[in-house]
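Worksheet: one structure, shown below.
Just follow the structure's listing: the first ligand is 1, and inside any ligand the first atom is 1.
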Amino acid sequence: MTRAELGDEQAREDPTVNELQRRAAELLGHEAALFLPTATMANQIALRVLTRPGQQLIAEERTHILVYEAGGPAVHAGLITRPLPGIAGRITPQQIRNVVETADEFQPAGIVVLEQTHRSAGGRVWPLEELRAAIAAARELGLAVHLDGARLLNASVASGIAAAEYGALADTVQICFSKCLGCPLGAILAGSEERIAQAWKLKFLFGGALRQAGVVAAAMLYALDHNVDRLAEDHARARRLADGLAAAGLPVDVDAVETNFVGIDVGSIGVDAADARARIADEGVLVGLLRPGVLRVATHLDVSDDDVDRALELIPRALGVLVG
Ligand SMILES: Cc1ncc(COP(=O)(O)O)c(C=O)c1O
C-alpha cells in the first residue's frame, strides 16, 4: 500500500485503481468494473442503475440490501421492497413468477436481488443450477438482476466454481474486500461498459469518487493474489468450530456450515441472544448475530487454529452458565 502508484481517481488517473478494475471485471465475468468504498454503496448504485422509482425489488426476506442498508432501496432508488421467505437464503423461480403475476402497472416488478453467499442464512452457497434457474426466470419476466456477492469468492472457493460463472449471470455483481479478504475497506461493482459508465456518475453523486484511492486498491490487488485460495482455511476452521460446538451440546446445524459462518441457535434453547453475546464477550470471544435468536461465529484471515481451540473452550463455558 505504501508503494502504490497513485493518481487522481476521480479523473480516472489512478493506475492502481485502474488495474484493480481491469482485473476485477475479468474475475467477475463482465466488461467493466468500478471501485467503491463499500459494498453497501455498490449495492445501492446497482439499484439506481438497473431500476426506475416505483418498481418492486424482489429478494429473500433477510437479504442484506433489505435488512441492513438503512432503507436505501426506498431512499436512493424509490423502490417498493418485496421480501420473500426463502430456504437457506434462496428463492425459487415460482416465487418470482408469483410476484410478477400480482404486480400491476402501478407497482411493476423491476429487479431481483440475490445474495451469494447468503449472509443471514449462515454463509450458504447458491448451487449454480439453482442460481441459473432463478435468474433465467427473472430474465424471462423482463426483470433486472443484481447479485450481492459480498462473499462471492467464499462461494467460489467452497464450490470450486469460478466467480465469473456466477457473476456473469447477473446484470451487475458486487464483491466486498473488507470481509474475509482482509482489506481495511473496498468493494467492486461489475457489469457492462454502459452500466458501469452510469455507475460512475452515481459514484460521484453518492460522494464515493475519491482521489488517491490506489492506496486501498493496492491492498485489494494484494488480496486477489494472496487471500483468495486461503479462504478454504477459514471454511475448514468454521467446520471444525461447528463440529466442536455441536459435540459440546450447543444447538449448531453442522450441515449448514458451508463457508466461514457458524450459527448457534441460542433462541431454540431459550437463551436471549444479547445476553449470550455479552457472556461470550466476557470470556474474550467476539461473536455477532446471524439473524434473530441465532449467534454468528465467523472465521477469517485473523482467526488461527489456536483461536478456534480457545473458542471451543470459551463459548460452551459462557453459554453453560446461561443454560444452567
Ligand atoms: C451480503 C452483504 N452485502 C453487503 C454488505 C455491505 O458491506 P459494507 O459494510 O462494506 O457496506 C454486507 C456486509 O456485511 C453483506 O454481508
Side-chain angles (χ1 to χ4, degrees), residues 20 24 28 33-48 50 57 59-73 75-77 81 83 86 88-91 111-126 131 145-158 163 166-167 170 172-190 199 202-203 206-208 210 213 216-217 219-220 223 227 231 234-235 238 258-263 286-292 294-302:
L20 170 71
L28 298 173
L34 180 61
F35 161 79
L36 291 161
T38 67
T40 297
M41 197 186 286
N43 281 343
Q44 296 299 325
I45 287 178
L47 295 183
R48 280 287 289 270
L50 297 173
L57 181 175
E60 190 278 338
E61 64 192 353
R62 295 209 64 82
T63 298
H64 193 277
I65 215 163
L66 297 185
V67 190
Y68 295 111
E69 299 191 12
V75 174
H76 298 306
T81 50
R90 310 200 283 268
I91 55 174
I111 188 167
V112 175
V113 175
L114 305 172
E115 204 174 288
Q116 174 76 309
T117 65
H118 194 286
R119 178 214 173 277
S120 296
R124 300 293 299 268
V125 180
W126 273 87
L131 189 67
V145 178
H146 172 62
L147 186 62
D148 177 344
R151 299 180 186 80
L152 181 65
L153 296 178
N154 290 85
S156 170
V157 167
Y166 297 116
T172 50
V173 53
Q174 173 265 110
I175 56 170
C176 182
F177 286 70
S178 65
K179 306 284 184 297
C180 300
L181 295 178
C183 293
L185 65 136
I188 284 286
L189 180 69
L202 291 158
K203 173 168 153 121
F206 279 50
L210 306 175
V216 177
M220 295 163 78
N227 293 347
L231 292 173
D234 295 342
H235 300 172
E258 295 177 327
T259 55
N260 67 312
F261 291 160
V262 178
L286 297 180
V287 301
L289 205 59
L290 205 48
R291 51 185 182 271
V294 183
L295 302 180
R296 173 177 75 169
V297 191
T299 56
H300 54 78
L301 189 60
D302 300 319

Output, or 'none' if empty, a list of ligand 1-protein atom pairs in which both atoms are N or O and the distance is under 3.5 Å, rounded to 0.1 Å.
| from | atom 1 | to | atom 2 | distance (Å) |
| --- | --- | --- | --- | --- |
| ligand 1 | 3 (N) | Asp148 | OD1 | 3.2 |
| ligand 1 | 3 (N) | Asp148 | OD2 | 2.7 |
| ligand 1 | 7 (O) | Lys179 | NZ | 3.0 |
| ligand 1 | 10 (O) | Ala39 | N | 3.1 |
| ligand 1 | 11 (O) | Ala39 | N | 3.4 |
| ligand 1 | 11 (O) | Thr40 | N | 2.9 |
| ligand 1 | 11 (O) | Thr40 | OG1 | 2.6 |
| ligand 1 | 16 (O) | Arg151 | NH1 | 2.8 |
| ligand 1 | 16 (O) | Arg151 | NH2 | 3.2 |

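Among the candidates Ile188, Leu185, Leu153, the single residue satisfying the side-chain contact (heavy atoms from CB on, under 4.5 Å) test with Phe177 is Ile188. Screening Leu66, Val113, Val67 for a side-chain contact (heavy atoms from CB on, under 4.5 Å) with Thr81, the sole residue that qualifies is Leu66.
Side-chain atoms of His300 and Asn260 include no donor-acceptor pair closer than 3.5 Å.
To the nearest 0.5 Å, the span separating CG on Asn43 from OH on Tyr68 amounts to 14.0 Å.
Residues Cys180 and His235 fail the side-chain proximity criterion, which asks for heavy atoms closer than 4.5 Å. Side-chain contact between Leu28 and Leu152: present, with at least one pair of heavy atoms (C-beta onward) separated by less than 4.5 Å.
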